[in-house]
Amino acid sequence: MGYPFRNPQDILDLESKMPLDKALDSATVYQRLCKTRDMYPDRPAVSFQLKSSANSKSTTLSWSDLTSKVTQASNLFRSLGVGPKDVVAYLLPTTHETLITLMGGMTSGIVAPINPTLEPESIAALLRETNAKVLVTLKAFPKTNVSDLASQAVALSPNVSTIIELDLLPHLSGISKFIVPFIRPKNSTQHSAKIIDFHQALATQSDSELTFEEDLTDPYCALFHTGGTTGMPKVAQHRHSGVLYNGWIGASLLYSEDDVIMCPLPLFHVFAAYPIWAGCLLSGAHMVLPTPAGYRGEGVFDNFWKLIDRWNATFVCTVPTAAAALLQRPVGDSDISTLNGAFCGSAPLPIELFKRFQEVTGVEIIEGYGLTEATCLVSCNPKEGQRKVGSVGIPLPHTRIKICSFDKSGQLDKVLGTDEIGEICVANAGVNVGEVYKSEVANKDLFVEKDYLRTGDLGRLDSDGYLWITGRAKDIIIRSGENIDPSLIEEALAGHPAVALSGAIGQPDVKTGEMPCVYVELNENMTTDTEELINYCEDKIPYRSAWPKYVEIVDVLPKTAVGKIFKPELRKNAITRVYNLALSEAKLEQKVLGIREDKKLGLVAVLDSSQSEVDDTSIGKVLGDYVFPWEWSDK
């Protein structure tokens with residue numbers, strides 16, 4: 001952390017001191033890794049522990065160790081026929097070997113991380129879309145089906161010629177290490193790909209230097225998919241410069257070689273891979289990976305504060321759902337005095353949750369905004385200056401944001417002014433103009449004024465230059481940071497004989513931010529019930545996370561003048577229903593009178609102030625963890 005980060009002027013000052021070509025002083029990720037090794041050879045780079053307790057066995061690699069392993073992985077992939085434009089995919093939980101694969105894939109060719117919680121058909125679609133030659137995945141292991149998912153997916157992906165299997169057995173100790181070989185599950189699916197062992201194959205390669213010359217012209221080095229439940233997979237392309245730009249921001253504004261970042265987030269997501277890991281890469285900071293499943297790992301939440309104590313963590317990465325869960329676990333006698341801040345992204349953060357997290361932990365959440373299509377970072381609240389709770393902060397160095405309105409044909413209408421809500425459009429070093437996605441068709445109409453990426457998010461810039469997210473131009477449902485295309489639900493229900501129309505939206509949820517729900521209009525003279533429709537969805541929709549939590553049959557769906565389903569009315573209905581139910585379950589008499597559209601806040605629930613008096617604190621305890629704010633009717 002070499003520069004002050006208090007306000008927009010600090011950003012402008014940094015831009016003048018560090019032009020982009022000076023800031024990005026390495027041509028590739030591997031070059032930067034070697035520079036960091038030379039500066040901090042014996043300092044810890046990454047640590048991993050398989051189990052979550054504070055005294056569990058762990059593995060730590062120094063910057064010298066990590067560079068040697070990445071060199072071996074890069075040479076291995078090249079020996080398997082991976083050239084500069086070929087793809088190494090990985091279907092892995094989060095371990096230090098995943099990080100080695102990430103960087104080795106970027107160095108030998110192009111790396112394509114894949115979410116291991118997807119269904120086999122979706123994994124196969126991504127393997128084919130990226131045309132992966134090599135897949136790195138887990139060897140069969142108890143309590144995980146990743147290996148079986150990989151086998152099923154490769155059987156549907158003839159382009160994959162080699163599978164490299166990573167065995168978690170070396171991370172075990174004691175009786176567990178003895179038992180696992182006897183209870184290791186077997187994969188039932190057959191495929192034609194060659195299978196080799198990760199650690200054995202790495203050991204055959206040179207760890208001192210690359211066996212090939214790197215391409216220094218800033219080629220693509222990574223393909224990250226933008227969800228998995230958004231219909232056909234969209235694959236975003238990232239260059240070395242975009243990765244290093246994200247790392248430079250982290251190293252310049254947020255942390256140094258003395259920091260320890262606790263990262264329970266997956267390395268198939270750009271948040272962990274770029275702002276966090278690339279920031280460590282450029283600063284020399286130490287990243288800690290607690291269990292392969294991160295926050296989903298057994299005992300991670302219960303032991304989290306003890307893990308902070310064990311590793312003397314200075315920063316933690318989180319998402320709103322995880323932050324809420326951590327508040328249910330007392331800090332107790334754990335020493336978390338080293339903790340300076342919590343980075344939060346992936347989904348909107350409720351204001352009450354922000355306040356309570358700070359009250360309970362003494363640590364402030366640093367909320368930011370980014371997207372896979374921009375190689376992640378766009379804006380962030382300053383750690384040292386004014387943090388506007390509810391905003392996503394200040395545009396970061398060498399990033400430009402415009403708020404734009406568009407006409408019905410999708411053409412630019414105008415660039416909007418202060419506090420005017422429109423679509424957020426972004427230009428920075430992480431945006432590949434005209435080539436955001438691997439598919440040419442997907443890149444159509446993505447840009448405005450030549451190099452500003454249309455994000456699909458609605459927002460405003462206030463008079464101080466802070467960015468506020470107010471909604472989404474598209475109707476994507478965000479469940480725990482995962483994007484769900486509502487058309488998946490609507491198209492499935494269209495096949496039901498009784499369904500005429502359906503409108504799927506995200507209804508507010510305390511734990512996940514949003515949950516899929518759907519409103520259904522039936523055909524004339526047809527009958528069905530909600531239970532049948534829910535079962536039908538679960539049968540037809542391949543992604544469990546997209547199964548609707550709530551189905552309501554209505555006489556007529558609200559529609560626009562041209563016959564399109566009017567989803568804002570459905571959202572208001574869902575907010576009213578969810579909030580009223582929460583108030584009722586809390587034994588409070590207040591009810592939502594209506595939903596008001598606020599220019600700055602978006603949708604606001606208006607509560608009836610004429611009923612029996614209840615203080616703001618009581619209502620806040622019930623509604624404060626939901627994303628949408630509330631107010632009294634007399635305001």
Side-chain angles (χ1 to χ4, degrees), residues 46-53 55-59 61 69 72-73 76-77 80 88-102 104-105 113-124 126-127 132 134-157 160-205 264 266-268 289-300 303 544:
V46 60
S47 295
F48 166 72
Q49 55 182 78
L50 184 68
K51 296 186 177 182
S52 63
S53 71
N55 57 1
S56 291
K57 178 183 178 181
S58 65
T59 300
L61 300 183
K69 293 294 184 182
Q72 287 180 310
L76 171 62
F77 297 147
L80 294 173
V88 175
Y90 64 77
L91 187 77
L92 288 169
T94 303
T95 74
H96 65 272
E97 292 99 341
T98 310
L99 186 61
I100 292 166
T101 302
L102 171 70
I114 298 177
N115 181 348
T117 68
L118 296 177
E119 299 296 326
E121 294 78 11
S122 298
I123 297 167
L126 288 165
L127 289 172
V134 173
L135 174 65
V136 184
T137 190
L138 278 189
K139 185 173 183 177
F141 201 79
K143 296 185 178 181
T144 174
N145 66 340
V146 171
S147 178
D148 192 47
L149 290 173
S151 294
Q152 293 180 57
V154 170
L156 301 173
S157 309
V160 177
S161 58
T162 305
I163 295 178
I164 303 176
E165 289 189 335
L166 168 64
D167 194 354
L168 293 178
L169 187 64
H171 296 294
L172 290 174
S173 58
I175 190 67
S176 298
K177 192 168 186 175
F178 174 78
I179 292 174
V180 163
F182 296 98
I183 62 172
R184 193 187 298 270
K186 297 185 182 298
N187 294 333
S188 57
T189 306
Q190 300 297 315
H191 54 73
S192 59
K194 179 184 177 181
I195 299 175
I196 61 177
D197 178 82
F198 182 88
H199 289 292
Q200 290 178 7
L202 249 61
T204 66
Q205 302 295 320
L267 283 168
F268 61 76
L289 306 171
T291 83
Y295 278 119
R296 297 182 180 186
E298 184 178 347
V300 168
N303 292 315
R544 180 183 295 272

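Summarising the geometry, atom CG belonging to D197 is positioned 9.5 Å from atom CG belonging to L202; distances are rounded to the nearest 0.5 Å. Once rounded to the nearest 0.5 Å, the distance linking CD of Q152 with CD of E121 reads 7.5 Å. Put simply, CG on L135 and CD1 on I195 are 10.5 Å apart, with the number rounded to the nearest 0.5 Å. Separating the CZ atom in F141 from the CD atom in E165 is a distance of 13.0 Å, to the nearest 0.5 Å. Atom CZ of F268 is separated from atom CG of L102 by 13.0 Å, given to the nearest 0.5 angstrom. Atoms CG and CD1, from L169 and I179 in turn, are 11.5 Å apart once rounded to the nearest 0.5 Å.
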### Worked verdict on H199 versus L166 for side chain to side chain contact (heavy atoms under 4.5 Å, CB included)
CA-CA 7 Å; H199 289 292; L166 168 64; 3.6 Å; yes
#### Entry: Working for side chain to side chain contact (heavy atoms under 4.5 Å, CB included), residues K51 and L172
CA-CA 9 Å; K51 296 186 177 182; L172 290 174; 4.1 Å; yes
### Message
Could you go through L80 and K194, starting from their C-alpha distance and side-chain angles, then the distance that decides it, and tell me whether this counts as side chain to side chain contact (heavy atoms under 4.5 Å, CB included)?
### Response
CA-CA 11 Å; L80 294 173; K194 179 184 177 181; 5.6 Å; no
#### Entry: side chain to side chain contact (heavy atoms under 4.5 Å, CB included) between T95 and L289, worked out
CA-CA 7 Å; T95 74; L289 306 171; 5.7 Å; no
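In this structure, T94 contributes its side chain and P264 its backbone to no donor-acceptor pair below 3.5 Å. Of the possible donor and acceptor atoms, one in the side chain of S52 sits under 3.5 Å from a partner among the backbone N and O of E298.
Summarising the geometry of A153 relative to A124, their closest heavy-atom pair is O-CB, 3.5 Å, with the distance given to 0.1 Å. In this structure, T98 and P93 approach most closely via the heavy-atom pair OG1-O, 2.6 Å. Between P116 and L92 the shortest heavy-atom distance is CG-O, 3.6 Å. P142 approaches P185 most closely through the heavy-atom pair N-CD, 3.8 Å. Across every non-hydrogen atom of V146 and L91, the tightest pair is CG1-O, 3.4 Å. The shortest heavy-atom contact between Q49 and S56 is NE2-CB, 4.0 Å.
In this structure, T117 and R296 have side chains that are in contact, with non-hydrogen atoms separated by less than 4.5 Å. Residues F48 and L99 are not in side-chain contact: their nearest non-hydrogen atoms beyond the backbone lie 4.5 Å or more apart.
Among the candidates L76, V136, L267, T137, the single residue satisfying the side chain to side chain contact (heavy atoms under 4.5 Å, CB included) test with T101 is V136.
Listed by first then second residue, pairs satisfying salt bridge (charged side-chain N to carboxylate O under 4.0 Å, His left out) with a partner in residues 184-193 read D167-R184, not counting sequence neighbours.
Residue K177 places its NZ atom among more than 12 non-hydrogen atoms of other residues, nucleotides or ligands, all under 6.0 Å distant.
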